[in-house]
Amino acid sequence: MSSQRKPSIVFLPEGRELEFVAGETVLEVAEAHRLGLAHSCGGMGSCGTCRIVVESAPVPLPEKEGLELEMAENRGFQGNERLACQLQAVPGLRFWAPED
Ligand code: FES
């Protein structure tokens, strides 16, 4: 019998593993697991409330572009701060959600 593990991302600090389906954004994964991540604009990339901090990722993440890049520049995001609604989940991504 083979056990097939689905890819997952890790929510810190609990270290909770969140399985996902390829193509889902981090916000979609968080919603599927009822994480309660803020997302005032419903994932349109315009509110910034879904901001997360990426602790680490096993592969380089795609560069910010479009709405995410614009917001990151306007609000002075650090390089590891991303919008969960604009970032596709990659296996092994470890992240946390700032309180502010
Ligand atoms: S949910 Fe509004 S920017 Fe991501």
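As the structure lists them, so they are numbered: ligands from 1, and atoms in each ligand from 1. The first residue of the sequence shown is numbered 1, and numbering continues consecutively from there. Just so we're clear, the structure is a prediction, and the values are computed from it rather than from any experiment.
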Can you report which non-hydrogen protein atom sits closest to atom 1 (S) of ligand 1, along with the distance? Gly43 N, 3.3 Å
Output the distance between atom CG (Leu87) and atom CZ (Phe95), rounded to the nearest 0.5 Å. 9.5 Å
Please identify which atoms of ligand 1 are closer than 4.0 Å to at least one heavy atom of Cys50. 1 (S), 3 (S), 4 (Fe)
Out of Glu99, Glu81, Glu68, which residue meets the salt bridge (charged side-chain N to carboxylate O under 4.0 Å, His left out) rule with Arg51? Glu81
Rounded to the nearest 0.5 Å, the CZ atom of Phe20 sits from the CD atom of Glu28 at a distance of 11.5 Å
Measuring only between side-chain heavy atoms, which start at C-beta, is Phe77 closer than 4.5 Å to Met71? yes
Counting backbone and side-chain atoms alike, does Cys47 have an N/O/S atom under 2.8 Å from atom 4 (Fe) of ligand 1? no
Hey, is there an N, O or S on Cys41 sitting under 2.8 Å from atom 2 (Fe) of ligand 1? yes
Taking the side chain as every heavy atom from C-beta outward, state whether Leu93 and Leu61 have any atom pair closer than 4.5 Å. yes
Using a distance threshold of 2.8 Å, state whether an N, O or S atom of Cys85 lies below it from atom 4 (Fe) of ligand 1. yes
dist Glu17:CD -> Lys6:NZ (nearest 0.5 Å) comes out at 13.5 Å
Under a 4.0 angstrom heavy-atom cut-off, which atoms of ligand 1 come close to Gly45? 3 (S)
Checking a contact table here: which protein heavy atom is nearest atom 3 (S) of ligand 1, and how many Å away? Gly48 N, 3.2 Å
Mode of Ala84 contact toward ligand 1 - side chain, backbone, both, neither (heavy atoms, under 4.0 Å): neither
Which atoms of ligand 1 are found less than 4.0 Å from any heavy atom of Ser46? 3 (S)
Is there a side-chain contact between Val53 and Glu55 (heavy atoms, below 4.5 Å)? no
